[in-house]
Amino acid sequence: MTTLTWTSDEIMTVTAARSLRDGMSCFVGIGLPSTAANVASRTHAPDLWMIYESGTLGASPDRLPLSIGDGILAETADTVVSVPEVFNYWLQAGRIDVGFLGAAQIDRYGNINTTVIGDYDDPKVRLPGAGGAPEIAASCREVIVIMRHSRRAFVDKVDFITSVGHGAGPGDRERLGLTGAGPVRIITDLGVLEPDPITRELTLVGVHPGVEVADVRAATGWDLRVAEDPRRTPEPSGAELSVLRSLTGTART
Amino acid sequence: MTTLTWTSDEIMTVTAARSLRDGMSCFVGIGLPSTAANVASRTHAPDLWMIYESGTLGASPDRLPLSIGDGILAETADTVVSVPEVFNYWLQAGRIDVGFLGAAQIDRYGNINTTVIGDYDDPKVRLPGAGGAPEIAASCREVIVIMRHSRRAFVDKVDFITSVGHGAGPGDRERLGLTGAGPVRIITDLGVLEPDPITRELTLVGVHPGVEVADVRAATGWDLRVAEDPRRTPEPSGAELSVLRSLTGTART
Amino acid sequence: MAVPLNEAVGQLVHDGDTVALEGFTHLIPVAAGHEIIRQGLRDLTLVRMTPDIVYDQLIGAGCARKLVFSWGGNPGVGSLHRFRDAVTRSWPVPLEIEEHSHAGMANRYVAGASGLPFAVLRGYSGTDLVGNNPHIKTITCPFTGQELAAVPALNPDVTIIHAQRADTAGNVQLWGITGIQKEAAMAADRVLVTVEEVVEELEPVPGQVVLPARVVDAVSVVPGGAAPSYAHGYYERDNSAYKDWDAVGRDREAFGAWLAELTGSTGPDTSSTSDPEPVGKGA
Amino acid sequence: MAVPLNEAVGQLVHDGDTVALEGFTHLIPVAAGHEIIRQGLRDLTLVRMTPDIVYDQLIGAGCARKLVFSWGGNPGVGSLHRFRDAVTRSWPVPLEIEEHSHAGMANRYVAGASGLPFAVLRGYSGTDLVGNNPHIKTITCPFTGQELAAVPALNPDVTIIHAQRADTAGNVQLWGITGIQKEAAMAADRVLVTVEEVVEELEPVPGQVVLPARVVDAVSVVPGGAAPSYAHGYYERDNSAYKDWDAVGRDREAFGAWLAELTGSTGPDTSSTSDPEPVGKGA
């Protein structure tokens, strides 16, 4: 369809970055979400207000932070608060527009697993665990997830619900007392998924250039619903790519 | 008995100051307690660690603070913390050796009233209210009260229990879940009262020079118990008086 | 972002609101309190841990129908006589009171700032505050069975504080004794901050609290806006003004003269000119 | 007040203790963790929100029987392989785990520091953490009827943190990202702080947290004691050391060599000489 002058990770990150609107407050997870948020703040969203769970509010790092506690975050933040304060006064109080998360596994209803693959008491793979994700997924006004697409990652039912997406379907978030809207978009290296407005089941609404719907279905561990006319993701612009590459280049140094 | 070269307020304050041991942490109420604590820190207790409820920890003001939020406290403190932190992390956590309080009324069991004289819903006199006192009286390891002696102030039963002393007698503090020992000494302009070890009833254990036991009984609104051999308060030393007078002189400027 | 104080009060404070003007001896938002009096706001539920003379003035001016507090007095001087007059003789209007301890109020603000409906503390046990305040309940620890006090979150409609500085983006910086201001502001629906000055960039100061612009609805530049209390690094407390208030507050007539001067000398026109929406405002 | 690190660990940390070595990427008390390994402590319940490579090392060395945590990983690199090996293959000893979210752990420390038996938060609801951790319960708001999560207070026997400075009186000062250190320290029975340096007087620094000497049991001067993490204002993070750990941690043999070097090169004599009380210490 087009000569790929960018990688699938790059279009994933750029597309995720575009999901962040200028002026939003964004609770940023480390890794892919942090990269995408930093691309956004350097392109269309200069007033994106980034919060990291280490307590740095309004950070504007001049390179990619290597962890949620990177010193560059404290040096460039509007203010640094304690960890209880960022979770209680900011996240729990419902002040954050968007929570930006990664995941090891996600299921049909956008529930997220970052705890174990396999049985909890006898896991095949022990993952890092919850971190801030359960409450980010619960309390941010909306959640955006960025992760690579594969049948092992996109499963019918996650092995462990670390963070609740849309539970088992409509009404579950309300029943559980979760104040935010939950995952509104999942951006992968193949395309974009959004929950169906009625059933809350994740639905393919966009595919990246060079990707066919069949590719996405093949990389998804359940019978993936597809929107009537999935949108073709606009290609990354030269400006977006150059920002992204300078950031990841920096991070690799 | 002796020529009074000091006032009854002065011996009250000096005697109260002597009750504070060096190295103690002391939660200081404003007014008479603050004056006495500052005398102590300038005489026998240079390492008295004074906490004011405004959040100043380890204050060492070079003049008497005029309120619990006087700027001199912040300028001389080891650190200044928020009000929730001083109450939760310091007072409630049981870290304070002695709470040093004043009162408008106190009763036979050391219960304190700083709220109203008369009926709560139709008071004769509306007093300032609780402030930090209820939890200071509950959570400090011990409480010392300093107040002027009169039949209106020393009553059989306070009109309103703002801060619990020994409740209605033995075992009440334990029943109420209060962690500290409660009032261990009341220092007045006439003498010194302490709770009876068994009955918890306030008992006259000391009288100031020039004061007779009968004077104290006459100024007390219940049939005051008196220790077998009440101690005669040692006179204020010249050093104590000069420190006190320089402090109150400063405060009056 | 900075707006004149009369506009900010006009936009953010309405009759019947629950309003906290917080400060712990330091940085009392006195000028904002006086603007509330000038605009003739009514039926306010006033909230503060340590209501002092500006609350005495608001109460005496008839702005409040209720006071939520933990210690009311003229610090270093004595009682609040307008407050007493309202409580004991309903003058100029009856004043309902809801009383807590400092620990209770502080934790109520913390719960409010945290998006929780209530706070837990070791407190109140055995005191007569419990019987006279239905908002103090007990709760049982689900792990140890211990009984503790529970108090409801405090979420003012408006919190007003005074701070040393803001930057042009509306980030607010205060230092010295910072009290309960952060929690009171973050617990509120709307936040008004009066400041000594607006600067290009906030130079970090040890002991500072920074309130990000995101939680601040309006900044008004009011140099001296905390007087007669003090602003650490800017001016000292005017202790004589607190002493002088005692005589004024004791006497309804003297207070009336004071009130006439406050509302008359600045002129009611000032506020009405710059506050084009009279909706929800009292006389 | 400053005591050598081996003496401080010898006096304050005992077999079977619950020990929190806290830090949020910044100021990780690595040197203290290594001293625990050198002293051969056993059966520890290790607590930390973000266990990283020094916890991987403690676990691999067999010091721990339980880990209480909310996120375990090598930040910016990947997994903790000694931790995985202990959880999935009980090597070198079985490791029990108790898992929370960050919000839960942070509030557990806050409750611990506040002398409360439990904390309340909006959290955990609907997650599988609830079913796998009996320490997460629900509690009902006595005012609104809302259901919220309750977690028990966390009160370590010992908390160890690293800070930039202490003064000669033992007051501790840290700044930059200060994370959960204040709460972790104030929740503990005993507190050990390693510092970059001791100074006559603590010059105030913006963003500082000061821990008064009263809550600190021992200060040990260990320049570089947070490496390979960083100490804001003193040294940068050694990112290559974190990457290099991945290969060591993956392999039991490589880890064994690393462990031999740690315990051998400094020599077991160092700790035994200066730790005259072997009571309660492991081999």
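Each chain gets a letter, A, B and so on, in the order the sequences are listed, and its residues count up from 1. These numbers come from the heavy atoms of this one structure, side chains and all, not from hydrogens, waters or symmetry mates.
With a 4.5 Å cut-off on non-hydrogen atoms, Val215(C) touches chain A through its side chain but not through its backbone. Contacts between Val80(A) and chain C at a heavy-atom distance below 4.5 Å are absent for every atom of the residue.
Closest of all the heavy-atom pairs between Ala103(A) and Val145(A) is CB-CG1, 4.4 Å. Across every non-hydrogen atom of Phe118(C) and Val120(C), the tightest pair is CE1-CG2, 3.6 Å. When all heavy atoms of Leu20(A) and Cys26(A) are compared, the closest pair comes out as CD2-SG, 4.1 Å.
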Pull every donor-acceptor pair under 3.5 angstrom between chain A and chain C and give the atom names with distances.
{"unit_1": "Gly23(A)", "atom_1": "O", "unit_2": "Arg214(C)", "atom_2": "NH1", "d": "3.3"}
{"unit_1": "Gly23(A)", "atom_1": "O", "unit_2": "Arg214(C)", "atom_2": "NH2", "d": "2.9"}
{"unit_1": "Glu85(A)", "atom_1": "OE1", "unit_2": "Lys182(C)", "atom_2": "NZ", "d": "3.0"}
{"unit_1": "Glu85(A)", "atom_1": "OE2", "unit_2": "Lys182(C)", "atom_2": "NZ", "d": "2.5"}
{"unit_1": "Tyr89(A)", "atom_1": "OH", "unit_2": "Glu183(C)", "atom_2": "OE2", "d": "2.8"}
{"unit_1": "Gln92(A)", "atom_1": "NE2", "unit_2": "Ser114(C)", "atom_2": "O", "d": "2.8"}
{"unit_1": "Arg95(A)", "atom_1": "NH1", "unit_2": "Met186(C)", "atom_2": "O", "d": "3.3"}
{"unit_1": "Arg95(A)", "atom_1": "NH2", "unit_2": "Ala113(C)", "atom_2": "O", "d": "3.0"}
{"unit_1": "Arg95(A)", "atom_1": "NH2", "unit_2": "Met186(C)", "atom_2": "O", "d": "2.7"}

### Message
side chain to side chain contact (heavy atoms under 4.5 Å, CB included), that's the test. Do Ile36(C) and Leu44(C) meet it? Break it down for me.
### Response
CA-CA 10 Å; Ile36(C) 287 173; Leu44(C) 302 178; 3.7 Å; yes
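Residues Leu21(C) and Val54(C) form no side-chain contact, since every pair of their non-hydrogen atoms from C-beta on lies 4.5 Å or further apart.
In terms of the salt bridge (charged side-chain N to carboxylate O under 4.0 Å, His left out) criterion, residue partners of Arg185(A) (sequence neighbours excluded) are, by chain and number, Glu194(A).
Thr13(A) and Thr35(A) share no side-chain donor-acceptor pair at under 3.5 Å.
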